[in-house]
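Notes for the one structure printed next.
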Number of protein chains: 2
Amino acid sequence: MDLNVHDEMTCQVRDVLDRVGDKWTLNVVHQLRHGTRRFTDLKRGIDGISQRMLTVTLRALERDGLVARTVHPVVPPRVDYALTPMGQTLLKTAWELIEWAQTHADDIAGARRRYDSTAG
Amino acid sequence: MDLNVHDEMTCQVRDVLDRVGDKWTLNVVHQLRHGTRRFTDLKRGIDGISQRMLTVTLRALERDGLVARTVHPVVPPRVDYALTPMGQTLLKTAWELIEWAQTHADDIAGARRRYDSTAG
DNA sequence: TTCCCCGGTCACCCCATGGTTCCTGATGAT
DNA sequence: ATCATCAGGAACCATGGGGTGACCGGGGAA
């Protein structure tokens, strides 16, 4: 029975990383932590993201019910993005991982230097 | 000042995902949750991983001080892998993300179906 | 003697991820 | 009469992450 659970886990690990582990998703989610943002606003806020990748990432988040997209039929167009309640729980959880990274950044850098100096 | 913090955050998000967000790392860490495992044992436990990718992933984890590698000079060769204390804290944190995924798997699947049926 | 086991390394190749550039469409400002 | 704004769409392309298969070395089993 442990094996079955274990295989399910393996699958879940894969699923969550496929969902959230790409280059931009958590960045976008993080940008939305304080509330509604507009497309160009997000683009300016995320260093290095292209227009296309922002669109792709937002669409995926919208599809999964993590981000709500609101179109205002005005000109020039105005589209608002915000986290859904489920998106907010994701942010909360992912935040812990970010904090872990901050806490251990130095340890990892040190370990890396040691490893590289001994093993070439 | 919020902007500076914000940019640092963006960087940290990127760093942690570069470290942990690839296809296999969390799977391997998860496999090691109960203690020491051997190479072939890990390979059998992670569905679909190739020998090369397991090696690459383990080397990266070792380099970052997250996994300890112990070679026993016997024949046939025996190599043990185990989480370091830092690796265990990573597992603990990542676990929350996995639990999030399990909790919301149905919601996401539902949202996805709705999205695809209306816009697809 | 030949095969298998274990823990890898090496060389090669593919395709998915993501980047770049150009396009749209309505309108207000210059 | 242009030009810029805003939110994308479409086509094209490059990189590298990741997969495949071969090979290694030394001892035990058949």
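Proteins come first, then strands; the chains are lettered A, B, ... in the order of their sequence lines, and each starts at number 1.
To the nearest angstrom, C1' of D:dG19 lies 14 Å from CG of B:L54. If you take NE2 of B:H72 and P of C:dC5, they are 22 Å apart, rounded to a whole angstrom. Taking atom CG of A:L58 as the reference point, atom C1' of C:dG18 lies 15 Å away to the nearest angstrom. Straight-line distance from the CD1 atom of A:I49 to the P atom of D:dG8: 13 Å, rounded to whole Å. What separates CG of B:D22 from P of D:dG19 is a distance of 10 Å, to the nearest Å. The distance between atom CZ of A:R78 and atom C1' of C:dT27, rounded to the nearest whole Å, is 17 Å. Rounded to a whole Å, the CG atom of A:D41 is 16 Å from the C1' atom of D:dG8. Atom-to-atom, CD of B:Q51 to P of D:dG18 comes out at 17 Å; the value is rounded to the nearest Å.
Classification of A:D80 and A:R78 as a salt-bridged pair holds, one side-chain N sitting under 4.0 Å from a carboxylate O.
Side chains of A:H30 and A:N27 form no contact here, defined as non-hydrogen atoms less than 4.5 Å apart. Side-chain contact check for A:V20 versus A:V29: every heavy-atom pair is 4.5 Å or farther apart.
In the set C:dG18, C:dG8, D:dG18, D:dG18 carries the atom at the smallest distance from any side-chain atom of B:K23. For B:V79, the listed nucleotide lying nearest its side chain is C:dG8; candidates were D:dA7, D:dG19, C:dG8.
Between the side chain of B:R52 and the base of C:dG8, no donor-acceptor pair under 3.5 Å is found.
Side-chain N/O atoms of B:R59 include one lying less than 4.0 angstrom from OP1 or OP2 on C:dG8. Taking side-chain N and O atoms only, B:R69 has a distance below 4.0 Å to OP1 or OP2 of C:dG8. Within the structure, every side-chain polar atom (N or O) of A:Y81 is placed at least 4.0 Å from both OP1 and OP2 of D:dC6.
Closest approach of A:R38 and A:P77 over heavy atoms only: NH2-O, 3.5 Å.
Nucleic acid contact class of A:T55 (heavy atoms, under 4.0 Å, all strands): sugar-phosphate only. A:V75 comes within 4.0 angstrom of a base, heavy atoms only. Note on A:S50: a base of the nucleic acid sits closer than 4.0 angstrom, heavy atoms only. Contact annotation for B:K43: no contact, since no heavy-atom pair falls under 4.0 Å across all strands. Residue contacts shown for B:R38 are limited to sugar-phosphate atoms, with no base heavy atom under 4.0 Å away.
Between B:F39 and B:Y81, the ring-plane angle classifies as tilted under the 30° and 60° cut-offs.
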